[in-house]
Number of protein chains: 2
Amino acid sequence: MIDFKTDSFQPGLSVDCVIFGFHNNELKVLLLKMKNLDFWALPGGFVGKDHGVDEEANRVLESRTGLTDIFLRQFYLFGNVGRTSTEHLDSLEAQGLISSDNVSWFRKRFITVGYYALVEYSKVKQPTVDDISERCDWCSINELPEMMHDHLDILKKAHETLKKELNYQPIGINLLPQEFTMPELQALYETILEKPLDRRNFRRKMLGYEILINTDKRRTGVAHKSPNLYKFDVKKYQKAIQGGLSQSW
Amino acid sequence: MIDFKTDSFQPGLSVDCVIFGFHNNELKVLLLKMKNLDFWALPGGFVGKDHGVDEEANRVLESRTGLTDIFLRQFYLFGNVGRTSTEHLDSLEAQGLISSDNVSWFRKRFITVGYYALVEYSKVKQPTVDDISERCDWCSINELPEMMHDHLDILKKAHETLKKELNYQPIGINLLPQEFTMPELQALYETILEKPLDRRNFRRKMLGYEILINTDKRRTGVAHKSPNLYKFDVKKYQKAIQGGLSQSW
DNA sequence: TTTTCAATGTGTCTTAATGACACTAAGATA
DNA sequence: TATCTTAGTGTCATTAAGACACATTGAAAA
């Protein structure tokens, strides 16, 4: 149960984080299952009156993953009037997940700022539940459960934005382990873009960015030719993010 | 003077519009000069409790330009704690531009949603002032006056966003008159991108998009060869905006 | 031990897009 | 009529992208 008696939050404003991870060749999102209810929500929070919105997004991310200094980007403000579901609020209230003191606070019209983060799946500590959620799990974006309010729209828009960002900047340093193979990197791109890519052309293009370092090690224990392990050249990677990769003009 | 006694607005939330126009080969922005004060502000508004944020942005745009159905896009939420200037608020108050009843409302921590619009300069009715502004003028983005709060940051970010958008979608249908010449279109691109482009390559690329219709008319009265007039093929233009122009993946 | 299998690594050709670049044409003005 | 300024146009070279096939490796199966 969250208590707002202190009135120390910006009213009608929340932050929701779409936390992407990559595992088993699937793009996953970290979601919370509401206690005793059949819908899930994006991890979110409310913005303290003396805290920046970015700050709150980072706090949410850290509280759910234990990670700091992570790629996290604001992508949209969702400000339609009907974006919250009164049915869902009814359910939360019925389950006692909103204190009676706070009911009016939660019933107000809310806008929410969407952020998306890219995190390394294996680095996320098995996320702990809180007062209002009974599970915090990775869900494949291909099999999403029913979601609270407009959280599905938020998630979809985050994914769209991510797809677009791939045209401007490299990706992977936050989503993959330190060392990875070219096919793994390709699988990540294919998963995000939801389409297959040519192996040879992908390799050529990716190597052309000059952000990869060949570690001269190989991944062993696979029932086929052992692939080469690469890591990112962090400096060049950052520079590529700054400067943007390919611009049309 | 704006009165908030009704308390019918989302507290601590505003909308600011960066309204771009193109005139004399300069990119211009519509700004308001605060009455008797030496700083200017983006046209903005507050979000009614039962109105969507997009809706309010459209209302602001229409109230300042008289135009509806205009390209208008949300691009960022500005949510830092210190983004409003107490000095500026002091000045507004000293000038009596904020009613004493509303002082506390305005002094609250505010976040603002940035929108940018592309409008045809000549179609904008000479904008009327309101209670708190004494002028509403087009300012060249190269010679901007001192601006209120973080409005310069907002403007800069809008311009950046616009530059990026040029990679994805055509531009001009909202900024240029119905009929225009290729050099005029090029000047628009050069102005937005802040760099010169090769005439021949620009023409080739632009015609390659297949969104232009040659009207077989010419612009007369110029002291040199009269250039051809083009117009946009609205259907194809819209389709190009939907589908995006060039994607790297 | 050998064979099989499944995935990896690699190079070339073709086509498309981009960048660089110079001359002729038109129309008003001097 | 000459001049001046800008518009219109085409080619070559370079780069990026798309399509495509075969040899290699290493575990697992035979």
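Throughout, protein chains are lettered first and strands after them, A, B, ... in sequence-line order, and every chain is numbered starting at 1. Only this structure's heavy atoms are used, side chains among them; waters, hydrogens and symmetry mates stay out.
- The aromatic rings of Tyr116(A) and Phe20(A) lie perpendicular to each other, with more than 60° between the two planes, well past the 30° mark.
- Here dA16(D) presents its P atom at 14 Å from NZ of Lys205(B), a figure rounded to the nearest Å.
- The phosphate of dT10(C) has OP1 or OP2 within less than 4.0 Å of a side-chain N or O from Arg203(A).
- In this structure, Arg199(A) places its CZ atom 17 Å from P of dG18(D), rounding to the nearest Å.
- A salt bridge links Glu134(B) to Lys33(B): at least one charged side-chain nitrogen sits closer than 4.0 Å to a carboxylate oxygen.
- Residue Lys225(A) has no polar side-chain atom (N or O) positioned under 4.0 Å from OP1 or OP2 of dA6(C).
- Of the residues near DNA chain D, Arg204(B) and Arg204(A), the one whose nearest nucleotide (by heavy atom distance) lies more toward the 5' end is Arg204(B).
- Going from atom CG of Asp216(A) over to atom P of dG9(C) covers 12 Å, rounded to whole Å.
- The CD atom of Glu190(A) sits 13 Å away from the P atom of dA7(C) (whole-angstrom rounding).
- The interatomic distance linking Leu212(A) (CG) with dG9(C) (P) rounds to 12 Å, in whole Å.
- Taking the nucleotide of DNA chain D with the nearest heavy atom to each of Trp249(B) and Asp198(B), the more 5' of the two is matched to Asp198(B).
- With the nearest nucleotide of DNA chain C identified for both Arg218(B) and Ser246(B), Ser246(B) has the one nearer the 5' end.
- DNA chain C is contacted by both Arg200(A) and Thr220(B); Arg200(A) maps to the nucleotide lying nearer its 5′ end (nearest heavy atom per residue).
- At whole-Å resolution of the value, CG in Leu197(A) and C1' in dA16(D) are 16 Å apart.
- Using the six-membered ring where Trp is involved, Trp249(B) and Phe202(A) have ring planes that are tilted, between 30° and 60° apart.
- One donor-acceptor pair, N or O on each side, does fall under 3.5 Å between the base of dA20(C) and the side chain of Asn201(B).
- Counting only N and O atoms by type, the side chains of Tyr115(B) and Asn58(B) include no donor and acceptor under 3.5 Å apart.
- For Ser226(A), no side-chain nitrogen or oxygen approaches OP1 or OP2 of dT25(D) to under 4.0 Å.
- Here dT24(C) presents its C1' atom at 16 Å from NE2 of His224(B), a figure rounded to the nearest Å.
- Regarding Leu207(B), its CG atom lies at a distance of 10 Å from the P atom of dG8(D), rounded to whole Å.
- Ion pairing between a basic and an acidic side chain is recognised when a charged N comes within 4.0 Å of a carboxylate O; Lys157(B) and Glu160(B) show no such pairing.
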